[in-house]
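Positions are given from 1 along the sequence.
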Amino acid sequence: MKKTGAKTEYRKELKGRILEVATTEFRQRGIRAVTMDVIAKTLTISKRTLYEIYPNKEELLLECVKCNTAREEAEVTAFLQAAPRTTMDILLNFYRTRMKELSELPPTFLTEIDRYPLVMDYLKKKRENSQQKIKNFFQRGVEEGYFRSDVDYTLIARLGENMMHNVLLKHLYTEYEPPYIFRNIIFLFIRGFCTREGLDIIDKTLNENP
């Protein structure tokens, strides 16, 4: 009984180490460059042991993406609970952290991840499930007086997501520093759907963090 418990605990601990190493490798080197061989050698375990826990690279990548999503959601929750937040606080924090995350990924990451249907299906479902939350968020911004009421925010959300992806796909962060890109996103995109009250907060934020 003790041996079985110890084995289960070891597998649990090993699974965590595999996810940690795989996530780091994918984020630093890109998805295509990282093989199951590389991960096994980095962990100094056999490929057989690795395949017993994750039957293929796509299953491992999917688990890494899920863990990263859970981490991001936990960070958002912590941000919201740290102090009272307005929709402007949340919006600016979202783009700031998203910009930082994208700048840390290798240029090929987004194009390579498209080749894994299980991962893409998971991300698609996450986006679909978040539609109502996004709608509620922008409605709250309108009610707080920060966002205009005559804007299609479903379209705005899609445009914002595509814009952030293009920053990575076009390698813009190699030409411009992420804070500079973030500042210009504020001027060209976010300001467009803000009211006077929202613009005042943006100007205050930019003046305090030039």
Practice task
Look up atom OG1 in Thr97 and atom CD in Glu101, then write down how far apart they are to the nearest 0.5 Å.
Solution key: 7.5 Å
Practice task
Check whether any side-chain heavy atom of Phe147 sits under 4.5 Å from a side-chain heavy atom of Leu91, and report yes or no.
Solution key: yes
Problem - side-chain hydrogen bond (donor to acceptor under 3.5 Å, both in side chains) against Asn136, all qualifying residues, sequence neighbours excluded - result: Gln132
Problem - Min side-chain heavy-atom separation Val142-Arg148 under 4.5 Å - result: no
Problem - Student check: side-chain heavy atoms of Ile18 and Tyr54 closer than 4.5 Å - result: yes
Practice task
Would you give the length of the straight line joining atom CG of Leu14 to atom CD of Glu52, rounded to the nearest 0.5 angstrom?
Solution key: 10.0 Å
Problem - Contact summary for Phe79 and Ile90, nearest pair of heavy atoms - result: CE2-CA, 4.1 Å
Problem - Polar side-chain atom of Lys57 near backbone of Ile31 as donor-acceptor pair, under 3.5 Å - result: yes
Practice task
Could you tell me the separation between the OG1 atom of Thr205 and the CG atom of Leu92, rounded to the nearest 0.5 Å?
Solution key: 5.0 Å
List, one per line, each side-chain donor-acceptor pair under 3.5 Å for residues 189-201, sequence neighbours excluded.
residue: Arg191; atom: NH1; partner: Asp203; partner atom: OD1; Å: 2.7
residue: Thr195; atom: OG1; partner: Gly145; partner atom: O; Å: 2.4
residue: Thr195; atom: OG1; partner: Tyr146; partner atom: O; Å: 3.3
residue: Thr195; atom: OG1; partner: Glu197; partner atom: N; Å: 3.4
residue: Thr195; atom: OG1; partner: Glu197; partner atom: OE1; Å: 3.1
residue: Thr195; atom: OG1; partner: Gly198; partner atom: N; Å: 3.4
residue: Arg196; atom: NE; partner: Asp200; partner atom: OD1; Å: 3.3
residue: Arg196; atom: NH2; partner: Asp200; partner atom: OD1; Å: 3.2

Exercise for the section: Please check if the side chain of Ser130 supplies one atom and the backbone of Lys133 the other of a donor-acceptor pair under 3.5 Å. Expected result: no
Handout entry: Heavy atoms of other groups near Arg71 CZ, more than 12 under 6.0 Å
Key = yes
Problem - From OG (Ser149) to CD (Gln139), nearest 0.5 Å - result: 9.0 Å
Practice task
Taking all non-hydrogen atoms of both residues into account, name the closest pair between Ala22 and Cys64 and its distance.
Solution key: CB-SG, 3.7 Å
Problem - Sequence-distant partners of Tyr51, side chain to side chain contact (heavy atoms under 4.5 Å, CB included), two or more places apart - result: Met36, Lys47
Practice task
Report the residues that fulfil ring pair (Phe, Tyr, Trp, His ring centres under 6.0 Å) with Phe109, sequence neighbours left out, ordered by chain and then residue number.
Solution key: none
Handout entry: Minimum side-chain heavy-atom gap Thr69-Tyr122 below 4.5 Å
Key = yes
Problem - Close side-chain approach of Lys124 to Met120, heavy-atom, < 4.5 Å - result: no
Problem - Donor-acceptor contact present, side-chain Asp89 to main-chain Thr86, <3.5 Å - result: yes
Handout entry: Test salt bridge (charged side-chain N to carboxylate O under 4.0 Å, His left out) applied to Asp152 - qualifying residues, sequence neighbours left out
Key = none
Practice task
Would you check if Glu144 and Arg140 make a side-chain contact, meaning some heavy-atom pair closer than 4.5 Å?
Solution key: yes
Exercise for the section: Could you check if a side-chain atom of Glu143 sits within less than 4.5 angstrom of a side-chain atom of Thr87, using non-hydrogen atoms only? Expected result: no
Problem - CD (Glu20) with more than 12 external heavy atoms under 6.0 Å - result: no
Exercise for the section: Consider only side-chain heavy atoms of I, L, V, M, F, W and Y, link residues closer than 4.5 Å, and tell whether Ile156 and Leu188 are in one cluster. Expected result: no
Practice task
With rounding to the nearest 0.5 Å, note down the distance linking NZ in Lys100 to CG in Leu105.
Solution key: 10.5 Å
Practice task
Would you check if the side chain of Asp121 reaches a backbone N or O of Pro117 as a donor-acceptor pair within less than 3.5 Å?
Solution key: no
Handout entry: Audit row: Glu73, Lys126, side-chain contact (heavy atoms from CB on, under 4.5 Å) steps and yes/no
Key = CA-CA 12 Å; Glu73 291 175 349; Lys126 289 293 292 186; 2.9 Å; yes
Practice task
Decide yes or no on side-chain contact (heavy atoms from CB on, under 4.5 Å) for Leu19 and Leu60, but give the supporting numbers first.
Solution key: CA-CA 7 Å; Leu19 286 176; Leu60 176 55; 4.0 Å; yes
Practice task
Tell me whether the guanidinium CZ or amine NZ of Lys135 lies under 6.0 angstrom from the six-membered ring centre of Tyr153 and within 45° of its axis.
Solution key: no
Problem - Side chain proximity check, Asn68 to Arg27, heavy atoms < 4.5 angstrom - result: yes
Completion exercise
Taken in chain and number order and not counting sequence neighbours, the residues that satisfy salt bridge (charged side-chain N to carboxylate O under 4.0 Å, His left out) with Arg127 are Glu161
Handout entry: Least distance between heavy atoms, Tyr95 atom then Gly160 atom
Key = OH-CA, 3.6 Å
Problem - Under 3.5 Å donor-acceptor, Glu112 side chain and Arg32 backbone - result: yes
Exercise for the section: Of all the heavy-atom pairs spanning Glu58 and Leu118, show the shortest one and how long it is. Expected result: OE2-N, 2.7 Å
Exercise for the section: Take Val76 and Asn93 through the test side-chain contact (heavy atoms from CB on, under 4.5 Å) and record every step on the way to the result. Expected result: CA-CA 9 Å; Val76 170; Asn93 180 70; 5.7 Å; no
Fill in the blank from the handout: In this structure, CD1 of Ile181 is separated from CG of Asn184 (nearest 0.5 Å) by 8.5 Å
